[in-house]
Amino acid sequence: MLEVKDLIVHYDGAIALNRVNLRVEDGEFVGVVGPNGAGKTTLLRTISGVIKEVAPGKKEHPTVSGTITYDGKRIDKLKAWKIVKMGIVHCPERRKPFGEMTTLENLKMGAYLRKHKSDIKKDLEWVYELFPILKERANQMSQTLSGGEQQMLAIARALMSKPKLLAIDEPSLGLAPTLKEKVLESIKEIWRSGVTVLLVEQDVSITLATAQRIYVLAHGRVAVEGTAKELMKNRDVREIYLGL
């Protein structure tokens, strides 16, 4: 479904990703773990078209090379909105709701590129089933929601874009343990509904407990990959890369 080949991203000589290779099969739940600065967020931002090579003189001047293929088509040169329309939807780290909009308005923005109102209504009902609190908060300004509620809103807004592949960045960041469990269970429910999931997480235990396959990033490279069982069998991997 998704294949990343020899992906290199660097900013003015500082390498963020160094020949990263990654694949995600249709229907899989794939995890990416690694310490701060490993390149996890850069990876998702590049896949979703947020990071591209831009003209010199701009605030950010990344250099990007390698290929990203989705359903057999190159997407690494496409605009972000076109990638969303194809079915890859990025749920960013730190929630990032439209603070001056209500919860419902945020959800409707997730469906901005969609046309069929009846399908949008069905998906709105579905996200309310996944996250009942969002229905209660429908008319509340999103900037006044708690951190956990904002995370639920971020995931729900991404679902309103009708993803085939949902790329989620650090959904447990800053959440209390009980809220982490709720958010994690909702992500598993989304996967069970047929949405392919690519999860980036710094909390290794969450990824080991959920993902079918895991990539470990270190210093911008894929240090190791495998199933949770395979990674846990290797003492060096546990101690050096997973901190377990």
Side-chain angles (χ1 to χ4, degrees), residues 2 4 6-22 24 29-53 59-66 68 80 88-97 146-148 150-155 158 166-184 187 197-211 213-228 230-232 234-244:
L2 177 72
V4 177
D6 293 327
L7 183 62
I8 301 173
V9 179
H10 63 84
Y11 297 88
D12 298 325
I15 296 179
L17 295 175
N18 191 358
R19 297 197 176 279
V20 167
N21 292 281
L22 173 145
V24 180
F29 193 133
V30 174
V32 180
V33 299
N36 280 333
K40 304 186 300 299
T41 293
T42 298
L43 175 63
L44 286 199
R45 286 167 60 85
T46 309
I47 290 170
S48 62
V50 177
I51 290 180
K52 292 194 180 301
E53 189 163 2
K59 187 176 181 181
E60 289 187 338
H61 182 210
T63 301
V64 182
S65 64
I68 304 173
I88 298 178
V89 180
H90 180 183
C91 182
E93 65 173 337
R94 300 187 184 279
R95 280 78 80 169
K96 296 184 173 66
S146 69
Q150 287 188 10
Q151 184 60 68
M152 293 175 194
L153 175 58
I155 296 171
L166 180 61
I168 311 178
D169 194 356
E170 301 278 15
S172 73
L173 187 67
L175 299 185
T178 53
L179 278 175
K180 279 187 183 183
E181 289 181 17
K182 287 183 181 179
V183 168
L184 178 59
I187 294 170
V197 173
L198 178 60
L199 172 69
V200 159
E201 255 296 343
Q202 194 171 346
D203 189 328
V204 175
S205 62
I206 286 177
T207 311
L208 289 172
T210 55
R213 288 191 302 109
I214 300 164
Y215 290 85
V216 181
L217 281 187
H219 308 294
R221 291 178 177 270
V222 175
V224 65
E225 64 173 286
T227 65
E230 289 168 344
L231 297 183
M232 291 302 289
N234 188 314
R235 182 178 176 182
D236 289 340
V237 169
R238 289 200 315 269
E239 294 181 355
I240 297 172
Y241 297 115
L242 303 181
L244 300 173

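All residue numbers in this chain count up from 1 along the given sequence. Keep in mind that what you see is a predicted model, and the values were worked out from it rather than measured.
- When atom types are taken as modelled, the side chain of E181 and the backbone of T178 share no donor-acceptor pair closer than 3.5 angstrom.
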Practice problem: Evaluate side chain to side chain contact (heavy atoms under 4.5 Å, CB included) for I51 paired with Y11, printing each intermediate quantity in order. | Solution: CA-CA 11 Å; I51 290 180; Y11 297 88; 3.0 Å; yes
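- Residues P62 and V9 share a closest heavy-atom pair of CB-CG1, 4.5 Å.
- L43 is listed as a side-chain neighbour of L17, based on a closest heavy-atom distance under 4.5 Å.
- A211 and G31 make their closest contact through CB-N, 3.5 Å (heavy atoms, listed as atom of the first residue, atom of the second, distance).
- Taking 4.5 Å as the limit, some side-chain heavy atom of P171 sits within range of a side-chain heavy atom of L199.
- Using a 4.5 Å heavy-atom threshold, the side chains of I214 and E225 count as separate.
- Considering all non-hydrogen atoms of both residues, V32 and L198 come closest at CG2-CD1, 3.9 Å.
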Quiz item: So I88 and L166, side chain to side chain contact (heavy atoms under 4.5 Å, CB included) or not? Walk me through it.
Solution: CA-CA 6 Å; I88 298 178; L166 180 61; over 6 Å; no
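- For the atom pair CG of N18 and NE2 of H219, the computed distance is 11.5 Å after rounding to the nearest 0.5 Å.
- Every residue meeting the salt bridge (Lys or Arg N to Asp or Glu O under 4.0 Å) condition with D203, not counting sequence neighbours, appears here in chain and number order: K180.
- Rounding to the nearest 0.5 Å places CZ of F29 at 6.0 Å from CD1 of I187.
- Although no hydrogens or angles enter the test, the distance criterion places no donor-acceptor pair under 3.5 Å between the side chain of K40 and the main chain of V33.
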Quiz item: Can you check side chain to side chain contact (heavy atoms under 4.5 Å, CB included) on L2 and I47, steps first, answer last?
Solution: CA-CA 9 Å; L2 177 72; I47 290 170; 4.1 Å; yes
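- A heavy-atom distance below 4.5 Å is not found between the side chains of V200 and I168.
- Distance CG/L179 to OG/S172: 11.0 Å, rounded to 0.5 Å.
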Quiz item: Does the side chain to side chain contact (heavy atoms under 4.5 Å, CB included) test come out yes or no for Q151 and L175, once each step is laid out?
Solution: CA-CA 9 Å; Q151 184 60 68; L175 299 185; 4.2 Å; yes
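- Shown here for H10 and I15, the closest heavy-atom pair between the two residues is CB-CA, 3.5 Å.
- Under a 3.5 Å cut-off, the side chain of E201 and the backbone N or O of I206 do not form any donor-acceptor pair.
- Listed here is the closest heavy atom pair of H90 and S48: ND1-OG, 2.9 Å.
- The two residues L153 and P97 come nearest to each other via the heavy atoms CD2-CB, 4.1 Å.
- Judged by distance alone, the side chain of N21 and the main-chain N or O of D6 form a donor-acceptor pair under 3.5 Å.
- Looking only at side-chain heavy atoms (C-beta outward), L44 and T41 stay at 4.5 Å or farther from each other.
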